[in-house]
Amino acid sequence: MSLVRNPSKYGVSSSHADEDTLPTATQTSFFQKGREFESRYVNHHYTEEERDKLGTFESVDYLPPHSAVYKNWLKQQPSRLDWDRWVMMGMIGFTVGFIGFLMHQLIDVISEIKWDKASEFIEKRDFALAWVWVIGYSVLFVIASSVPVVYYRPSAGGSGIPELIGFLNGTVVRHIFNFQTMVVKFFSCVCAVGAGLPIGPEGPMIHLGSLVGAGLSQFRSETLKFKLPFFERFRNTEDRRNFISAGAAAGVASAFGAPVGGLLFSMEEVSSFWNMKLSWQTFFACMVSTFTTDLFNSAFEGFKYQGDFGAFKAEKNILFQISHGIGLNILAFIPTVILGIIGGLLGAVFTFINLKIARFRRSQISKINSKHWKNVAKLSEPVLIMIITGTASVFLPAGFGCTPFQCFFSSGGYSKKCLTESQHPLHTERDVRRYTCPVGVSEIINGTEFTNSSFNEVATLLFVTGEKAIHHLFSRDTPHELGYASLFTVLVVYFLLACWAAGTAISSGLVVPMLFIGGTYGRIIGRIMVDLFGVHTTGYWAWMDPGAFALIGAASFFGGVSRLTMSLTVIMMEITNDIQFLLPIMVAIMVAKWVGDFATHPLYHALLELKCIPFLDSEPVILHEGSKAINLELFKAGDAMSSPAIVVHKVESVYRLTHLLLDTPHGGYPVVIKTEIGDEVFFGLITRNDIMVLLSRDDIFCSRDNLSLQEEELDVKRIDYYQMHQGYGYLKDAERLNAQLDNYAENLHYQELFIDLVYVLPSQARCFVDCHLHLTVVDERNRVKGIITRKDLMGFQMEERIHKFLHKSSQDQEMQHPGHQFNVEMSQ
């Protein structure tokens, strides 16, 4: 009988548990059909064991309770001002921007040391030593990345975006906003991305931004044991939620250099609660975040001062700066639609494989009995991926020959791939990787550099970080730089490794892999166009540039996996500065979304379902007979409620409240009072956490004769508002409460001691507005008939209950009128 030993029984969130605690049926469902290929328009259905896991998560009420304790705390706060909120948004933006600067600089330093040394060994054709260096160096950083996640903070693994979405939707996910999580997240991401795993830092930056918003806005830390007397009025669930949303947006702004995209991403994908005032404040935080990152990046490269502090150069501050724009043609929309279809299909396949690997990983780890060996298995997986990735990077380019630079000269004259000086010259980028290819001489004629050097196409994509490889894919006027064989080979290898790496015990993001994969098949389509219709740098056919189609392909695959629309379009514009291709990007994203929605759920929402984190869609789709959408306006609250509801009285004994906690798992209980005619009518609602806090204060127990029934007479100062409403169902002094509950449950004396629940009940005028986590269903006489919780409103739950209602109605109608079926009006 312990709040800690059996958290689901006592309503204490157990969402911090690792994968090993997930349901058995889930662990063995790797080959279960219909678990991954589910249309966006079909609700995900959970097994019974997964529903038990859903039940361990608590909900957080983002609206103020308006109880006596809350109103007493509110009176002590300064009057509401706007300037302090703007100051806090600026502080969050600056902090997130500086973290983004540190992260990218550290990743670049680690990566450059690795590849520069490896290139020296390769040039000497010492492949064995190059392999030992790459594997040894990379594995060392991967182990450093994975160890703190596996042994210290499992909540720091992955991107953190699904957990963030779940929290901002109203579900408590423990440890995701902990200071230790922030430190481990930053360290793990820097080491893993710098080591060369097929992942990116953007996802973790979003989580880090939300961590800053959650912690900095409160000016206190349980981990660091300090509580500063500043901005105390922000220490409530609603303001904290808004600062978390702003921090996530600032993380996007810092990672991509896209302040508007960050605002839209938070609004479209992350946040479930939004208003116009929050838009302005979040925009300000994004602006400050981007400014801070760009300001420091302007002067430092690899932490070496470059002397350009304050000079915002486009090639340095725009992530994938396009050298020059090209004209758009209506014919470009034909390959754009094709890219959108490919993006939707490959995005669905990526999501499918990712989920299958996650289920397989969980099923295999669950078979290991020893906790130690389970951790070793988790640690070994990213190490194995790194060994495969490093080996492919070193040896795969050896299977491909050397490609001469596009502009070179010989005894026969200039290269055929080089246009005349009257036209815009084609070129090969200067920073391509030579691998073992020979170095030639260069000559500059009429401003054009001609060279006899050569390079290796596969090494150009694999011997660099993911971001630099994307630069090569997006490059303009380089149609022959990358060939079919190299592009197809890298696409297959990187696609599979990225699917595998996502979800391992490291801090990792998927944005860079998504852009890389989409850019690769986009460049293949562009190369096909060039080979079919020739190279044109000016005139009507100038739009046929493989780099331009790589950009469209990247947007299509990103959209096919995430199903983002507005924010993705703006982000692609801000990271490339290529406004000419705005319309094709929009078309590709929309087509990819439509195609992907017919095959799978969006990746982040599918991961929410995999992790069994409750999430409420704004408009759930309920289907009847697999095809017809049911009009929910035709049904009433009673059709979705759980009944009967366990109620408590306004004045309740300590003994009964204790047994409610011990014997029932519910998160809230309707409070009733007796009327003069004997009816028990609804008065308000009390949460499980409120009961725990009240029971931990034995000084408010009293006999029935000494109860104070008037709110004005209550000594509300004895109840701590922060303990009541900032614990989110978790009590720090749980062991002490455990002992108290044991005593209350066994001692009949506590049947004669009572608590007046008016301490924590909202006023009558507010109870129907504020009690939205548990909607109490009453009849025409205000008597409690049932209750609706967040989990009752999940799509699969509503679908099951409505189908049960329709089936029962059909049977009743058939009994009354044999031979006639009861038809319920449907909306197509």
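Note that the numbering runs from 1 along the sequence shown for the chain.
Not a single donor-acceptor pair under 3.5 Å links the side chain of Thr171 to the backbone N or O of Phe167. A donor-acceptor pair under 3.5 Å is formed between the side chain of Ser643 and the backbone N or O of Lys785. With hydrogens and angles disregarded, no donor-acceptor distance shorter than 3.5 Å links the side chain of Asn169 to the backbone of Ser272. Between the side chain of Ser271 and the backbone N or O of Phe273 there is no donor-acceptor pair closer than 3.5 Å.
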Stepwise side chain to side chain contact (heavy atoms under 4.5 Å, CB included) test for Tyr750 and Ser653: CA-CA 7 Å; Tyr750 289 98; Ser653 69; over 6 Å; no

Audit row: Ile686, Leu694, side chain to side chain contact (heavy atoms under 4.5 Å, CB included) steps and yes/no: CA-CA 11 Å; Ile686 187 169; Leu694 292 177; 4.2 Å; yes

Stepwise side chain to side chain contact (heavy atoms under 4.5 Å, CB included) check, Gln797 with Arg51: CA-CA 10 Å; Gln797 194 80 272; Arg51 298 188 189 197; 4.1 Å; yes

Side chain to side chain contact (heavy atoms under 4.5 Å, CB included) between Leu616 and Met794, intermediate numbers included: CA-CA 6 Å; Leu616 293 185; Met794 294 185 67; 3.8 Å; yes

Tyr744/Tyr655 under ring-ring contact (aromatic ring centres under 6.0 Å, His included): CA gap, chis, key distance, verdict: CA-CA 6 Å; Tyr744 300 157; Tyr655 185 83; 9.9 Å; no

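A donor atom on one side chain and an acceptor atom on the other are not found under 3.5 Å apart for Arg85 and Ser217. Between the side chains of Thr687 and Asp690, at least one donor-acceptor pair of N or O atoms lies under 3.5 Å. Counting only N and O atoms by type, the side chains of Glu38 and His45 include no donor and acceptor under 3.5 Å apart. Residues Ser245 and Ser266 have side chains that never bring a donor and an acceptor to within less than 3.5 angstrom of each other. Counted by atom type alone, Tyr669 and Arg688 present one or more donor-acceptor pairs between their side chains at under 3.5 Å. Looking only at atom types and distance, the side chain of Glu163 has no donor-acceptor partner in the side chain of His207 under 3.5 Å away. With hydrogens and angles left out, the side-chain atoms of Ser567 and Glu268 include a donor and acceptor closer than 3.5 Å. Using modelled atom types and a 3.5 Å distance limit, the side chains of Thr675 and Arg783 yield no donor-acceptor pair.
Residues Phe177 and Arg240 have side chains in contact (heavy-atom distance under 4.5 Å, counting atoms from C-beta outward). Ile165 is not listed as a side-chain neighbour of Ile613, based on a closest heavy-atom distance of 4.5 Å or more. In this structure, the side chains of Ile755 and Val651 stay at 4.5 Å or more apart for every pair of heavy atoms. Between Arg40 and Pro602, some side-chain heavy-atom pair lies under the 4.5 Å cut-off. Two residues are said to be in side-chain contact when any heavy atoms from C-beta on lie closer than 4.5 Å; Glu269 and Arg563 fail this criterion. Within the 4.5 Å cutoff, the side chain of Ser562 has no heavy atoms near those of the His605 side chain. A heavy-atom distance below 4.5 Å is found between the side chains of Arg235 and Phe219. Within the 4.5 Å cutoff, side-chain heavy atoms of Leu661 are placed close to those of Leu741.
Side-chain rings of Phe754 and Phe701 stay apart, their centers remaining 6.0 Å or farther from each other. Ring-centre distance between Phe796 and His44: not below the 6.0 Å cut-off.
How far OH of Tyr46 is from CG of Asp52: 13.5 Å, rounded to the nearest 0.5 Å. One finds the CG atom of Asn275 at 8.5 Å from the NZ atom of Lys277 (value rounded to the nearest 0.5 Å). The distance from atom CG of Asn242 to atom CE of Met88, rounded to the nearest 0.5 Å, is 13.0 Å. Between atom CD1 of residue Ile787 and atom CG of residue Leu685 there is a gap of 5.5 Å, rounded to the nearest 0.5 Å. Within the model, atoms CE of Met267 and OG1 of Thr282 stand 9.5 Å from one another, a figure rounded to the nearest 0.5 Å. One distance of note links CG of Asn43 with NE2 of His601; it measures 7.0 Å at 0.5 Å rounding.
Between Asp679 and Lys674 there is no salt bridge, since no side-chain N of the basic residue sits under 4.0 Å from a carboxylate O of the acidic one. Using a cut-off of 4.0 Å between Lys/Arg side-chain N and Asp/Glu carboxylate O, Lys804 and Asp639 are scored as not salt-bridged. Under the 4.0 Å criterion applied to side-chain N and carboxylate O atoms, Glu752 and Arg656 are not assigned as salt-bridge partners.
Gln740 approaches Leu695 most closely through the heavy-atom pair OE1-O, 3.9 Å. What you find for Lys791 and Gly55 is that their closest heavy atoms are CE-CA, 3.8 Å. Residue Thr56 comes nearest to Lys53 through the heavy atom pair OG1-O, 2.6 Å, listed as atom of the first residue, atom of the second, then distance. When all heavy atoms of Leu164 and Ala248 are compared, the closest pair comes out as CD2-CB, 3.8 Å. Listed here is the closest heavy atom pair of Ala745 and His659: O-NE2, 3.6 Å. When all heavy atoms of Leu753 and Ser703 are compared, the closest pair comes out as CD2-N, 4.3 Å.
The number of heavy atoms from other shown groups lying within 6.0 Å of CZ (Phe615) is above 12. Annotation for Phe598: atom CZ does not count as buried by contact number, only 12 or fewer foreign heavy atoms lying within 6.0 Å.
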